[in-house]
Amino acid sequence: MPKLPAFHNPFPGWRDQVRHLRTFRTWRWSGYVLWSAAFLWVLIWFLFARGLPSADALLAYQPPLPTNVRGYDGEPIADFARERRVQLSYAEYPPVLIDAFISAEDKTFFSHPGIDVGGLAGAVWDYTTKLGSGRRAKGGSTITQQVAKNLIVGDDYSISRKIREAILAFRIEGALTKQQILEIYLNQIFLGRNAYGVQSASRAYFRKDVGALTLPEAAYLAILPKAPSNYTVERNADRAIERRNYVLQQMQENGFITAEQRQAATAAPLGVLPRYSPRPSVGGYFMEEVRRQLIERYGETADDGPNSVYSGGLWVRTSYDGKVQEAAEDSLRDGLVRFEAAAGWRGRIARIDIDDNWARSLANLNVGAGYSNWFPAVVLSRQGSEAEIGFENGSRGTLPSSGATMPKAGVGGRAFDFLKVGDVIVVRREGNGGWTLRSIPSISGGMVVQNPHTGQILAMQGGFDSRGSSFNRATQAKRQPGSTFKPFVYAAALDNGMTPASIIIDGPFCVYQSARLGQKCFKNFSGANAGQQTMRWGVEQSRNLMTVRTASQIGMDKVVHTAKIMGIGDYPPYLAYALGAGETTVQQIVNGYSIFANQGRAVTPTVVDYVQDRNGKLIWRADKRACEGCNMAQYDGRPMPRPRLRSKQVIDAMTAYQMLYIMQGVVERGTATVLRDLGRPMFGKTGTSSGPTNVWFVGGSADMVGGLYLGYDNPRSMGGYAQGGTIAAPIFRAFAAKAMKDMPVVPFRAPPGIRMIRIDRKTGRRVFGAWPDGSYYSPVIWEAFKPESEPRRTIRRDEIAKRAAPAARATTDSEFLQSQDGIY
C-alpha cells in the first residue's frame, strides 16, 4: 500500500503557541492577583495598620500604675492615682479567677490565633443587620482583641477600629504567650469603682486580695468588664446575680467546676461590700507638697515619661511623721478657731439649689471642714426651732436652734435665725448624736516642723484644711517675720565682735535716710526706753531700738549677708529690714533656726527622702553623699566607713550656739515663757509684724525645730492685742506637748571652744564668788562666750544683792516682767 503523503499543517507549532498563550495568561492573572494583594496589603497598612504598636513595644508594655507614698517608717500613707491598679504576675492569679474570666469572656482563648472566626462573623452580621438602626452591635471580641483595644487610643464604634484591633491581636499573639496576654488583660481591665485590674477590683468590692476570692466572688468580678455600671449591687442586684449565675453555668460546661460547686455558688449571695475609701486622706498639705515636687521632677502622665506620677508606679519614701503631723494640724486649727471664737458665726459658706442632686452639688463644693467631727452640710428645710440638714453622702440630720445660739459676726442676733434653705454650713457632731453650728475661721496661717540635723520636714500644715484651700501658706505665703528676724541681726553682731553681754542702749534712735525720705525714727512696741542693757536682755524682751542700733553699728550689709547665707531672703541693706520688714516663708525661717540648732551647719529642707521606680530601682534620693566602703562584702577591720556630713557650715558654730543659748532665755524669762513648763530645753523667738498683720513663733528643741504664723490672706490688722507671745507661742506649746511627749530629753550641745562664764544678768559684768540660784530670775547666770571675749569688768556681791531685790520680791511672771519693762 503506497504511503500517503504527510498532512501539511498551515500553522506549524500551534499547540505550543496555545500552551504558551495559556501559560502567559496564567502568569499574567497571577501577577494581577499578586499585585492586587500587595496593593491591598499596602492600603490596609496605610489605612489601618500604620501606627500600631510593634512586637517589641508589646513585649515592653507596662500598664499605668499609681504612685505609692510611704512615711518615714516605711508605712503606706497615701497614693496618687487616677487609675487605681495593683499589678500582679500571671502566677499570682488563682485558677478559679482565670477560669471565670475565660468562661465569661473568651472560652476558646487558649486555642484561637487572636480572633474567634465564628464570633467575628456573628459580630459582622449583627453589625450589618443593625446598620442605620442606631442600635449597637455585639462586639465579638476575644480577650486578645480586648487587650488590643486598650492599647489603641480611643474606643470609637467603627469597622476601621475593629480591623485595627484584629491586626494588633495577631501581632500580640505572635509576640506574647497566652499567659502574658492574660496577665496584661487582668491587670488593665476596668471593673468599676475606679478599679483597674482584678486585684484592685477585688479590694474595692470584697476588701480582700485575689488569692482569697471564693468561686461566686470570682464569677461576679468576671461579669464586670463589659459594663460595670450594669451590675451594681445598689441598683441592679437581680441582674448581677443572673449574670453571675450564667458565668457559673459556663464554667461547669467548660469543665472547670462540678455541678455541685455550681449549685452551691449559685445559692450564695453576691457578698459585695459598700463603697469605701481605700486609704484615708492624711497630711493634706504635706502630701500636696510631695505631689507637686514629684510632678515637677517626673511629669504628670505617661506622655511626660516612664516615671510619671499618675502612671509610673513610683515608690516614694517621705519624711512624713504621722504623730507630728497630727499635732501640727490640731494645734494650728485650734489656734485659728480660738482666735476668732469671740467673733461669732461668719455666715454661710455657699448656696446651692435644693433638688434631687443636692448631695452631689454639696460634694462638688469640696468644703474643707478640718476636724474629723466637723462636716459640711446644707439646710434642706427649717421649721420652728429645728432645721433639717443634709450631708455629702445623702444622709440627713437635725440642727436644733439650741445648737446655733452664737451671734452672727458683725451683725448680732442668733445665728439660727439667719439660716435659709440652700445655705451651705459646717456643723459638728456632738457626743449625744446631735449637731451644733460651727464657723470656719477667716484667718489662716502656716506651720512647718523640721529635723534640724537632716533637713527632713516632719510635718507641714498650710492652712485650716487643704480641701478648702490648696494654697500652702507654709511654703508659698511670703510674710513679714517681725521680731523672729532679730536673731539673724544679733548673729551677725556676734560674728563681728559683740558678745551676749555687750551693752546696747535702749533709747531713741533716728537715722537720716535721704533728702526725699527725710529722717526715720524707730521706737519700741511700748514706746518706752530702758537705757543701757545687755544683748541678751534685748533679745529676751524683743527690743526694737536695741536691734536697729546693733544693725547700724555693725552695718546692715553684714545683716543682710547673714540672712542670705542662712536662706531667709535677699534683702536691701535698709535698717527697717533689721526689724523683719522683709518677706519670707515659714519653711525658710524654720530652716534658718535649724541652723542655730545644728551648730551653724545648713541643710536643705526636704519632704521626699528617695524615689524608686516600679521595679524597685532607686532613681532619686535627697541624701546624695557618697560612702566609700559602706557596701563592702566583708568588714576589713578598719574604722567604720561613714558618709561625709550632708550639711554646710554657713556661720560660726560658736556664734550659732551663743544665739541659741540666748534664745533659751526667751523661753525661760522672755516673750515665750508659755513654753517653759514642757520639761525640756527649748529655744525660740516670738514675732509680731506691723499692724499687727502677722504673729509668729519659731523655735523648738535640740532635735525638732518648728515655726508658725497667723494672719489673714489679704493682710489686715489682727487687732491691737495680737502678739506672737500671746497667740502664736501657745499654739506651738500645744503642738510640742503632743509631738515631743515621748521624745528623749536632749540638751543643746556646745561646740568646742565655748566658755561658760558667770555674769550679772543685768549689767553683763563678770561675777566671782556668787552662783546662779537655780531660778529663771536669778541675777547671776551662765553665759556663753567665745575664747578671749568674756567680760573684763566685774561686779561686787553686795551690788548684785541690792539690785536683785525687785526681782526677788516678784512672785509671778507678770510681776517679774513688769520689773523688766514688759515684754513685746
Side-chain angles (χ1 to χ4, degrees), residues 72 319 321 323-325 327-328 331 447-459 484 487-488 490-491 494 500 536 539-540 566-567 586-587 589-606 623 645-670 672-686 697-708 729 732-756 776 781-785:
Y72 81 102
S319 54
D321 187 318
K323 177 183 176 182
V324 180
Q325 177 69 29
S331 60
M447 185 173 186
V448 169
V449 184
Q450 179 174 318
N451 182 329
H453 310 299
T454 64
Q456 293 171 302
I457 293 176
L458 308 176
T484 56
F488 305 103
Y490 290 108
L494 292 170
R536 168 179 285 278
V539 177
E540 290 178 357
M566 296 184 73
V586 181
Q587 178 176 294
I589 203 163
V590 167
N591 193 55
Y593 274 62
S594 294
I595 295 174
F596 291 130
N598 200 30
Q599 297 192 349
R601 295 191 297 269
V603 291
T604 302
T606 60
D623 187 357
L645 290 174
R646 65 190 298 182
S647 54
K648 176 184 178 183
Q649 198 77 41
V650 294
I651 63 172
D652 183 73
M654 289 186 285
T655 295
Y657 181 77
Q658 285 181 302
M659 200 64 246
L660 183 77
Y661 193 59
I662 291 174
M663 285 192 284
Q664 283 186 260
V666 175
V667 173
E668 292 173 351
R669 55 187 161 268
T673 54
V674 68
L675 278 73
R676 199 169 61 190
D677 63 348
L678 288 172
R680 66 180 64 245
M682 298 285 290
F683 81 102
K685 184 71 186 73
T686 59
F697 177 82
V698 188
S701 67
D703 296 324
M704 185 181 290
V705 177
L708 66 115
F732 190 85
R733 189 211 174 279
F735 158 77
K738 296 179 181 178
M740 300 182 183
K741 180 179 180 182
D742 299 321
M743 289 178 60
V745 178
V746 178
F748 297 108
R749 292 185 298 173
I754 283 290
R755 301 187 65 180
M756 302 303 295
Y776 295 117
I781 63 171
W782 291 104
E783 190 58 273
F785 293 93

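Start at 1 with the first residue, then count along the sequence.
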Inset, instruction - Given side-chain contact (heavy atoms from CB on, under 4.5 Å), test V449 with F735 step by step and report yes or no. - result: CA-CA 10 Å; V449 184; F735 158 77; 3.4 Å; yes
Can you check whether [X] reaches [Y] side chain to side chain, under 4.5 Å on heavy atoms?
| X | Y | value |
| --- | --- | --- |
| Y661 | I754 | no |
| R669 | I781 | yes |
| S319 | N451 | no |
| P500 | L494 | yes |
| D703 | H453 | yes |
| V746 | P681 | no |
| N591 | V603 | yes |

At what distance, to the nearest 0.5 angstrom, does [atom1] of [X] lie from [atom2] of [Y]?
| X | Y | atom1 | atom2 | result |
| --- | --- | --- | --- | --- |
| N598 | Q649 | CG | CD | 8.5 Å |
| E668 | Y776 | CD | OH | 6.5 Å |
| K648 | T604 | NZ | OG1 | 10.0 Å |
| Q325 | I457 | CD | CD1 | 10.5 Å |

Please report the shortest heavy-atom distance between [X] and [Y], naming the atom on each side.
| X | Y | result |
| --- | --- | --- |
| M663 | P487 | SD-CG, 3.6 Å |
| R680 | S701 | CD-CB, 4.3 Å |
| L678 | A736 | CD1-CB, 3.7 Å |
| A729 | V674 | CB-CG1, 3.7 Å |
| Q599 | A750 | NE2-C, 3.9 Å |
| V590 | G706 | CG2-C, 3.8 Å |

Legend entry - Residue pairs passing the salt bridge (charged side-chain N to carboxylate O under 4.0 Å, His left out) test where at least one lies in residues 737-747, sequence neighbours excluded: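 Sorted result for residues 737-747: K323-D742, D330-K738.
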Side chain [X], main chain [Y], donor-acceptor under 3.5 Å:
| X | Y | result |
| --- | --- | --- |
| R733 | L675 | no |
| R536 | E783 | no |
| Y593 | T484 | yes |

Inset, instruction - Using the test ring pair (Phe, Tyr, Trp, His ring centres under 6.0 Å), find all partners of Y490 that sit at least two apart in sequence or belong to another chain. - result: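 Y490 satisfies ring pair (Phe, Tyr, Trp, His ring centres under 6.0 Å) with no residue once adjacent residues are dropped.
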Inset, instruction - Applying side chain to side chain contact (heavy atoms under 4.5 Å, CB included) between S594 and each of Q450, R601, M704, report the one that passes. - result: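 Going through Q450, R601, M704 one by one, the side chain to side chain contact (heavy atoms under 4.5 Å, CB included) with S594 is satisfied by Q450 alone.
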Legend entry - Sub-6.0 Å ring centroid separation between F596 and F488: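 Judged by ring-centre distance (under 6.0 Å), F596 and F488 do meet the cut-off.
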Inset, instruction - Can you label the angle between the F732 ring and the F697 ring as parallel, tilted or perpendicular, going by 30° and 60°? - result: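 Because their plane-to-plane angle lies in the 30° to 60° range, the rings of F732 and F697 count as tilted.
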Under 3.5 Å, which donor-acceptor pairs link side chains of residues 650-660 to any protein atom two or more places apart or in another chain?
| unit_1 | atom_1 | unit_2 | atom_2 | d |
| --- | --- | --- | --- | --- |
| D652 | OD2 | M654 | N | 3.0 |
| D652 | OD2 | T655 | N | 3.2 |
| T655 | OG1 | D495 | OD1 | 2.7 |
| T655 | OG1 | K786 | NZ | 2.7 |
| Q658 | NE2 | A784 | O | 3.0 |

